[in-house]
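One structure is given here, and the rest of the page talks about it.
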Amino acid sequence: MMRRKNVTKRPLPKHIAIVLDGNGRWAKKRGLPRTAGHQRGAQNLERIAVFASQLGIGVMSVYAFSTENWQRPQAEVDYLMKMPKLFEDEYEEAFRASDIKVVFSGRRDRLSKENIDLLKRVEEESKDRQGMVLNVCLDYGGRDEIVRAIDTLKNHEEPIDEATLGAALDTGALPPVDLLIRPGGEQRISNFMLWQAAYAELVFMKTPWPAFSKRHLLKAVANYQKRNRRFGGLKGRA
Ligand code: FPP
């Protein structure tokens, strides 16, 4: 049995990144439309974000819509693009109560005017909160983010180093990813947090995201805590 206090007495990852995968398969298995999986996935995002903040996690990044997800059937894309509104109407209150600051990463130039305004509004309303940062990645791709960052530096006079490029990313103000969790059974990164997850510990789980519980999060963090992070050095090696 995974106990919360066993996890919280050891050093926690500062930044957890989660690929919200398996919504479609979760729904299909229950004879429901894929969109029902996305809806349940969004509800679960609220629950897990609040729990992560209670544990003392500093930042939680979630992959909600990738730069490649536009290729899905139009009806599914339309449904997913209504998610930010649901997010604001249904979940914002819980985030406020938990002092969670919400930020968004990803491109803003392909979203609707309503969504662009909504993202700005949610960020603005939560900007002074002191609790966990929830970084929702929407029309996000790791490569796209790096290319956009390089573009913003094109008139930079000094040689570009890692700190300069890192700060120009959407996540510029956030610490590197310590733990990357992918539920849903696939074992790949899929263009998520390519720069930020350079030294992240990877945890892959079979459970699809809508069924991912607090217990799964504790299990992933406990798994992380058992690992020996060397960052390319020899620390702790026999
Ligand atoms: C991947 O599962 C999931 C997505 C493409 C969407 C995830 C989005 C949410 C859970 C809601 C996010 C909330 C906001 C605020 C935008 P999949 O459909 O690829 O699952 P499958 O591999 O089983 O088909």
Side-chain angles (χ1 to χ4, degrees), residues 16-53 60-96 98 100-108 110-112 114-126 132-142 144 170 180-193 204-213 216-217:
I16 295 183
I18 309 181
V19 179
L20 307 177
D21 195 24
N23 293 348
R25 280 165 288 158
W26 179 90
K28 198 172 167 213
K29 211 172 150 192
R30 286 160 181 79
L32 300 168
R34 294 176 53 80
T35 49
H38 296 317
Q39 191 187 21
R40 183 60 82 96
Q43 279 168 5
N44 204 34
L45 174 54
E46 178 206 344
R47 188 166 70 126
I48 297 297
V50 168
F51 182 63
S53 84
M60 182 173 133
S61 289
V62 294
Y63 207 3
F65 191 93
S66 76
T67 45
E68 289 73 37
N69 284 152
W70 296 106
Q71 296 161 26
R72 295 195 173 198
Q74 192 58 44
E76 186 169 341
V77 169
D78 290 346
Y79 188 88
L80 286 167
M81 284 300 143
K82 285 194 218 131
M83 286 284 149
K85 180 88 179 84
L86 181 81
F87 191 78
E88 185 184 36
D89 292 348
E90 307 274 330
Y91 311 135
E92 186 30 37
E93 201 44 53
F95 295 147
R96 182 191 306 276
S98 294
I100 295 174
K101 173 173 165 172
V102 183
V103 299
F104 294 91
S105 291
R107 298 175 64 129
R108 300 264 170 124
R110 303 191 290 198
L111 301 175
S112 66
E114 289 74 26
N115 273 338
I116 294 168
D117 292 346
L118 186 150
L119 266 44
K120 279 194 210 139
R121 189 162 68 234
V122 169
E123 284 184 336
E124 179 61 30
E125 275 171 19
S126 74
M132 187 181 82
V133 175
L134 175 63
N135 174 34
V136 180
C137 300
L138 204 62
D139 199 7
Y140 175 90
D144 179 78
D170 297 346
L180 190 147
I181 306 171
R182 181 169 189 149
E186 308 287 358
Q187 303 198 355
R188 41 174 188 265
I189 304 205
S190 300
N191 204 13
F192 190 40
M193 300 269 129
F204 299 104
M205 295 173 124
K206 288 213 169 71
T207 314
W209 172 251
F212 186 95
S213 63
H216 289 103
L217 184 69

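When reading the values below, keep in mind they use all heavy atoms of this one structure, side chains included, and skip hydrogens, waters and symmetry mates. One-based numbering, in listed order, for ligands and for the atoms of each. Keep in mind it's a predicted model, so treat the numbers as computed, not measured.
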Quiz item: Looking at OG1 of T67 and CG of N69, how far apart are the two atoms once the value is rounded to the nearest 0.5 Å?
Solution: 8.0 Å
Counting only N and O atoms by type, is there a donor-acceptor contact under 3.5 Å from the side chain of [X] to the main-chain atoms of [Y]?
X    : Y    : result
Y63  : S190 : yes
S98  : V50  : no
Q187 : F204 : no

Quiz prompt | Lys/Arg-Asp/Glu bridge criterion (N-O < 4.0 Å) met for R121, D117 | solution = no
Starting from [atom], locate the nearest protein heavy atom and write down its residue, its atom name and how far away it is, to 0.1 Å.
atom                    : result
atom 14 (C) of ligand 1 : M83 CB, 3.7 Å
atom 3 (C) of ligand 1  : L20 O, 2.9 Å
atom 4 (C) of ligand 1  : H38 CE1, 3.8 Å
atom 15 (C) of ligand 1 : F87 CD1, 3.3 Å

Quiz item: Under 6.0 Å between the ring centres of F95 and F87?
Solution: yes
Quiz item: Hey, looking at atom 17 (P) of ligand 1, which of R25, M81, R72 has the closest heavy atom?
Solution: R72
Quiz item: Should one rank A42, A64, P210, G185 by closest heavy-atom distance to atom 7 (C) of ligand 1, which comes out on top?
Solution: A64
Exercise. For the residue pair H216 and S213, confirm or rule out a side-chain donor-acceptor distance under 3.5 Å.
Key: yes
Practice problem: Consider ligand 1: state whether an atom of it lies below 4.0 angstrom from any non-hydrogen atom of G184. | Solution: no
[X] contact mode with ligand 1 (heavy-atom cut-off under 4.0 Å):
X   : answer
N69 : side chain
K28 : neither
L80 : side chain

Exercise. Identify the residue among D170, V136, N135 that makes a side-chain contact (heavy atoms from CB on, under 4.5 Å) with V103.
Key: N135
Quiz item: Does an N or O from D21, backbone or side chain, lie closer than 3.5 Å to an N or O of ligand 1?
Solution: yes
[X] neighbourhood, listing ligand 1 atoms whose heavy-atom distance to it stays under 4.0 Å:
X    : value
R34  : 17 (P), 18 (O), 24 (O)
G41  : 10 (C)
L138 : 16 (C)

Self-check item: More than 12 heavy atoms of other groups within 6.0 Å of R40 CZ
Solution: no
